[in-house]
Amino acid sequence: MSTDWERRLYLSAHPFAYPLMRGLARLGPVVRVRGVGVVVNEAAIAREVLMDGETFRKDGPGSPGDLWTPVLGPSVLLNMEGEAHRALRRRLSELFTPSYTEALCARVLDEPLARLADRLARGAVADLVDTVRVMAGAVICEVIGLETRSEDDWRRLFQQGERIVSMVTLRTRRLSDSQVEKARSVLGPLGDIAAKAYASGDETTVMGRMRALGLSEAEARGAAGAFFLTGTETVATFVPRLIALLHDAGRLDAALLAPGVLDRVIDEAMRVTTPTPVMLRSVHRPAAIGGVRVGPGDRVVIATHNCCRAYGPFDADASPHPPELRRLWFGAGPHFCIGHPLAMAETRAIARTVLAAAPLKVVRRSPSRRVLIPSYARLMVRKG
Ligand code: HEM
């Protein structure tokens with residue numbers, strides 16, 4: 001039997017936590033685990049929790065807010081709740097529209113994608129891990145307003161984000177003072193660049209758009225930091241996994257470029273990989289989750305990966321996902337991923353280039369070890 005590479009990536013990233021998490025899925029839809037929290041393994045129940053932003057919040061004890069507020073400031077979407085959060089989301093609803101994000105990716109990625117296409121057409125080996133990291137770095141440079149066309153700059157920015165994200169492990173509840181200082185030393189200068197782009201007010205740029213949408217400089221700066229931390233590694237780790245899944249299923253071919261097919265396959269690969277394998281909430285008032293009583297101070301761990309894997313292994317021909325599952329890997333309700341159109345635009349742009357170069361063979365690959373988001377350390381492909 002061929003290797004289940006997704007399982008291997010998860011095991012290599014989390015050798016102890018992964019078997020434990022998958023084991024919990026067998027214990028029922030909602031399981032209380034001492035020292036961890038109330039774990040949710042079923043998509044419909046997960047969605048109910050995510051939709052109820054008054055009871056299950058991101059700003060209490062044990063929530064991600066605790067983690068990122070010291071670094072990003074108090075008002076950066078992912079640590080906000082209630083009316084202030086709704087108001088900021090409303091103002092940002094037009095920020096990442098599909099047409100704007102498609103245009104942004106075309107503007108930034110056309111050249112590096114042409115280089116990749118050329119490389120593959122010549123029969124050379126390409127490491128899709130490094131290639132996609134550089135491209136994700138390029139997109140995030142554009143988002144925060146760092147003007148550069150240098151691959152080294154793009155790679156450096158990616159690595160800086162990676163260094164911050166790698167401070168977090170599954171057990172991290174708070175960053176230490178020295179970690180906060182280190183993160184701030186990276187985010188400070190990036191915030192300054194973002195603020196400059198904001199001040200120039202050019203509405204083709206993300207920072208200029210935020211100004212036009214009525215955000216203050218501090219809000220726009222905070223949002224840029226949040227995009228940088230949440231929107232780089234998620235995409236960069238996903239795209240090589242998508243390509244590997246298609247390769248291993250014998251489906252890495254240009255037929256997937258037919259209208260409507262690519263998005264469906266990307267959704268299916270997101271379901272199987274779940275780049276954000278868990279979501280955390282803090283309980284703010286007494287409630288029940290799938291029959292399990294919870295109260296203020298309880299921590300809810302939505303095991304998105306378990307919820308999504310309950311629907312079986314990767315299937316490139318899967319019919320549309322049922323409503324309870326729909327895009328759960330991007331969250332649901334008030335905190336639904338605001339960068340979703342950008343993530344899809346980046347993924348589509350890169351996948352189209354790779355698929356157009358098919359048939360391709362994976363000639364070598366290896367998993368990353370002890371990382372937060374399971375990923376390939378390298379994925380070498382060549383025409384063939
Ligand atoms: C494959 C790529 C991505 C995945 C799987 C992903 C996943 C998610 C998930 C699951 C959430 C909700 C978390 C929760 O409710 O606890 C979220 C929120 C968020 N994402 Fe993404 N994301 C991706 C790409 C991006 C990109 C490209 C950006 C921005 C440029 C971004 C920015 C954000 C922000 C700012 C939030 C917080 C929104 C809020 O709390 O209101 N993400 N993402």
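Note that the structure is a prediction, hence the values are computed from the model and not measured. Whatever order the structure lists ligands and atoms in, that order sets their numbers, starting from 1.
Within the 4.0 Å heavy-atom criterion, the part of Pro275 lying near ligand 1 is the side chain and not the backbone. At a heavy-atom cutoff of 4.0 Å, ligand 1 is contacted by the side chain of Arg281 but not by its backbone. When heavy-atom distances to ligand 1 are checked against a 4.0 Å cut-off, His85 comes that close only through its side chain, counted from C-beta outward.
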Note to self: Checking Trp329 against His321 for the ring-ring contact (aromatic ring centres under 6.0 Å, His included) test, could you report, in this order, the C-alpha distance in whole Å, the side-chain angles of both residues, the deciding distance, and whether it holds?
What the structure shows: CA-CA 12 Å; Trp329 40 94; His321 295 132; 5.3 Å; yes

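Between His305 and Tyr18, the two ring planes are tilted [angle within 30° to 60°].
Residue Val143 places every heavy atom at 4.0 Å or more from ligand 1.
The pair Glu94-Arg209 does not meet the salt-bridge criterion, since no charged nitrogen lies less than 4.0 angstrom from a carboxylate oxygen. Ion pair Asp267/Arg326 not flagged as a salt bridge, since none of the NZ, NE, NH1 or NH2 atoms sits closer than 4.0 Å to an Asp/Glu carboxylate oxygen. At a threshold of 4.0 Å, the pair Glu181-Arg184 does not count as salt-bridged, since none of the basic side-chain nitrogens sits closer than that to a carboxylate oxygen. For Arg211 and Glu217, the salt-bridge test fails: no basic side-chain N is under 4.0 Å from an acidic carboxylate O.
Residue Arg89 approaches ligand 1 through these ligand atoms, each under 4.0 Å from one of its heavy atoms: 38 (C), 39 (C), 41 (O). Below 4.0 Å from some heavy atom of Met270 lie the following atoms of ligand 1, by number and element: 1 (C). Atoms of ligand 1 found under 4.0 Å from any heavy atom of Leu342 (numbered from 1 in listed order, with element): 30 (C). Each of the following atoms of ligand 1 lies closer than 4.0 Å to a heavy atom of Gly331: 10 (C). Each of the atoms 2 (C), 24 (C) of ligand 1 lies under 4.0 Å from some heavy atom of Ala343.
Considering backbone and side-chain N/O of Trp329, none are found under 3.5 Å from N/O of ligand 1.
At least one donor-acceptor pair under 3.5 Å links the side chain of Glu81 to the backbone N or O of Lys58. Tyr10 places no side-chain N or O within donor-acceptor distance of the main-chain N or O of Trp5, the cut-off being under 3.5 Å.
Taking backbone and side-chain atoms together, Cys337 has an N/O/S atom less than 2.8 Å away from atom 21 (Fe) of ligand 1.
The nearest protein atom to atom 14 (C) of ligand 1, hydrogens excluded, is given as Lys58 NZ, 3.3 Å; this is a heavy-atom distance.
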